[in-house]
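Notes for the one structure printed next.
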Amino acid sequence: MTTQSLRGDAVGIEQVTKIYGEGANAVAALKGVSLTIGDNEFFTLLGPSGCGKTTLLRILAGFEQVSAGKVFLFGEEIEQLPPNRRPINTVFQHYALFPHMTVEENIAFGLKRLGREPAEIRARVGEVMEIVRLGGFAHRRPGQLSGGQQQRVALARALAPQPKILLLDEPLSALDLKLRQQMRVELKQIQENTGITFIFVTHDQEEALAMSDRIAVMSQGEVQQLGTAQEIYERPNNRFVADFIGDANILAVTVLGDDDGSGYRRCRTAQGMEILCAGSGAPGSTPHVSIRPERIAIGAVGSMADGIACDVERVVYLGTNRQFLVCLADGLKLTVLVPNALRAGSELQPGDKAVIHVPPGTAQLLKD
Amino acid sequence: MAVPLPAGSQQETAAGLSGRDRLLLLAPALLMITVFLILPLGFILVYSFLTKGTYGGVIWEFSTAAYEQFLFERDLFTDELVFHASYLQIYGRSIVQALVATTASLIIGFPTAYYIATRPPSQRNMWVFLITVPYWVNLLIRTVSMLFIVRDEGPLNTALMATGLIDQPIRIAYTDFAIGLGLVYSYLPFMVLPIYAAIERFDFRLLEAGHDLYADRWTILRQIVIPLTRPGIVAGCLLVFIPSLGSFIAPDLLGGGKNLMIGNTIALQFQSSRNWPFGSAAAIILLTLVLIVLVIFARRAQQAAVASGR
């Protein structure tokens, strides 16, 4: 993608390590994380709880000190600056709105601390309240607002001082599904309209895929993969990423042959099925591969020329899709996902014989 | 399996007590308050409007002499009422002394409470427990020991002289400063505990939010911490100010009874002066002052609650 290479770096994180506790109790929350985030980018730190994503965010905000490493903001080292001297604002997970202040006072708080003129503050507060669509709530207090409205106030409060970077710590996790989906679209729009670099922390892969320019998938204090949504979904480079992002059939294989000209490697599963896999692996090595369930085709016996015979074990109707659990003749079990709109395999019932087809390159070789 | 109760019955046991049951539950408290608070206060109010007996006690004859005596003196020769301010001065001094003690308690108590509230939860109870330790010793004994510490030949002055910081003992005992010291020492826990309770409920994530929005520590304290712990601060101030205003032991022992305060003045009337009506009147005036302060704070608290929409 061109989006990442053409921009100047807004944030540079260099070999950042964070260790909590001392001696035998020491726990490394971040193990030498390095990455750069471009200006105007919607960047997401994605990972399960305890992966270090929130620690990294808190280091950027200035609430935590690095144990080692450097943090740059537009080329300037900032790891020694206290939070109130960084042009970075945060939308907190639980909003942390000031309960004794009105919506207006909450939003104006940062601007007042920056010593802006009252007229300018009023104008800016009105402006951000328009952006987050909070008109008419200026004199309410946080306690009188719904969760979604509080979320908007938190966003407005962080946007008002026009920070260079906006940090968002799982801001949507407390909202219900409909509101969450709506806010995803709005957040992305706000990011594009304001041109502020957003760094978004979430454990929700769907959220990450829907909004981000780039995603850093984190686990155990390390970045597992960094790339666009499409890259990390379609070309996961290790087992963790393949497993964490979306559903995947993960199989152990043996690499049989080198690149045969098609760009794919011939591999054999433990049960003996041969597939053409994308990615790299030395012949004779035994890595894992990931096959996305929706990439496998399924049909009644005879519907495909080069189909592999299998037994349908289970069929789950999921609305948009239909999920099949099939068992191949060699005992290998695979999950297959077919859009109901395609009607493919709609007549199949558990216990039926069927055929599947794994197109060349749909299996991705993983590093363990 | 338990038989589900009809929907209404649970409510009835919780809130819907019959009038008679409620009265029965309240009776012990009501009885205590009536016998030991309302009745004595009634006596004092009535006594303040009676004529004093020669050897103490009262003569049952209506008189406003006690209240006149508070502001005026009967000239021995002309028998005219002449304004005199000595009792007003005593009240004024007591109010100033109580305000100073309250301020000092707040300055010491707030950081203490903040410290305790920011300890790990497992340690907090121990700290609160330590705050209450002085209460295991009788107030009189504590005050006398303080007198021993601060008197001219006491360990404080001896130590200061031994280090060569001073060459003469600092006069602390029997001064207003000693009274203030005694008041702060006596009532400091009443400041710490309500503030601690307020800070413990404080959402410390707001500090990060403030810090993130360019506020320094001082601004965070003023704009976020103090406004949100104000109920605890007000409660602590009232709990120190009110007993300080009418305190008796500290001014009597540490002040040497020289500079009279309200508490001593009242005590004096029932003891050596044998002027029960005046003592009663002085007590009623003190009570009125306290009630005025309480009403003002109650009003402001109510206004604040309305303003914040709660």
Side-chain angles (χ1 to χ4, degrees), chain A residues 54 57-58 60-64 81-103 105-116 121 137 139-145 150 153-163 165-169 171, chain B residues 106 110 113-114 117-123 194-238 297-310:
Chain A
T54 298
L57 195 81
R58 291 174 59 79
L60 288 172
F63 301 135
E64 304 277 355
L81 283 183
N84 54 329
R85 308 226 341 249
R86 298 185 186 198
I88 296 175
N89 289 131
T90 309
V91 178
F92 293 90
Q93 186 173 11
H94 299 286
Y95 315 143
L97 299 175
F98 306 126
H100 58 301
M101 297 182 193
T102 61
V103 167
E105 287 165 338
N106 264 285
I107 299 173
F109 189 89
L111 293 164
K112 278 187 192 157
R113 302 286 88 71
L114 289 172
R116 301 284 167 80
I121 293 176
F137 292 98
H139 301 293
R140 300 270 191 98
R141 276 170 205 271
Q144 300 164 307
L145 302 177
Q150 290 185 25
V153 179
L155 185 61
R157 187 179 66 172
L159 283 171
Q162 285 164 306
I165 311 282
L166 190 76
L167 307 176
L168 301 105
D169 185 6
Chain B
L106 181 61
F110 189 89
Y114 195 94
T118 49
R119 289 314 93 197
S122 54
Q123 288 178 24
I195 297 181
Y196 161 73
I199 297 178
E200 204 197 13
R201 281 197 307 268
F202 178 75
D203 181 358
F204 281 89
R205 289 178 298 202
L206 298 180
L207 297 190
E208 284 190 347
H211 220 37
D212 189 65
L213 292 161
Y214 314 110
D216 53 33
R217 286 157 170 270
W218 175 239
T219 313
I220 289 172
L221 182 69
R222 265 185 347 182
Q223 303 265 352
I224 300 168
V225 181
I226 290 178
L228 287 173
T229 52
R230 183 163 286 144
I233 296 172
V234 170
C237 287
L238 287 176
F297 276 105
R299 280 244 176 122
R300 286 188 52 179
Q302 205 172 18
Q303 280 164 0
V306 169
S308 65
R310 269 171 278 154

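A note on names: the letters A, B, ... follow the listed sequences, proteins ahead of strands, and every chain is numbered from 1. Being a predicted model, the structure only gives us computed values, none of them experimental.
Only the backbone of A/Leu97 has a heavy atom closer than 4.5 Å to any heavy atom of chain B. Heavy atoms of B/Asp203 lying under 4.5 Å from chain A are absent altogether. Looking at A/Arg86, the atoms closer than 4.5 Å to chain B (heavy atoms on both sides) all sit in the backbone: N, CA, C or O. Neither the backbone nor the side chain of A/Leu167 comes within contact range of chain B, judged by heavy atoms closer than 4.5 Å.
Residue B/Leu206 comes nearest to A/Ala96 through the heavy atom pair CD2-O, 3.3 Å, listed as atom of the first residue, atom of the second, then distance.
More than 12 heavy atoms of other residues, nucleotides or ligands sit less than 6.0 Å from atom CZ of B/Arg222. The 12-atom threshold is not exceeded at CZ of B/Arg217, counting heavy atoms of other residues, nucleotides or ligands nearer than 6.0 Å.
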### Message
Before you tell me yes or no, could you show the steps for B/Leu213 and A/Asn89 under side chain to side chain contact (heavy atoms under 4.5 Å, CB included), namely the whole-Å CA-CA distance, both residues' side-chain angles and the distance that decides it to 0.1 Å?
### Response
CA-CA 7 Å; B/Leu213 292 161; A/Asn89 289 131; 3.8 Å; yes
### Message
Could you go through A/Phe92 and B/Arg205, starting from their C-alpha distance and side-chain angles, then the distance that decides it, and tell me whether this counts as side chain to side chain contact (heavy atoms under 4.5 Å, CB included)?
### Response
CA-CA 9 Å; A/Phe92 293 90; B/Arg205 289 178 298 202; over 6 Å; no
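With hydrogens and angles ignored, the 3.5 Å screen pairs a side-chain donor or acceptor of B/Asp212 with a backbone N or O of A/Thr90.
Remark: A/Arg113 pairs with A/Phe109, B/Tyr214, B/Ala215, B/Thr219, B/Gln223 by the side-chain contact (heavy atoms from CB on, under 4.5 Å) rule, at least two apart or across chains.
Between B/Arg230 and A/His100 the shortest side-chain heavy-atom distance does not fall below 4.5 Å.
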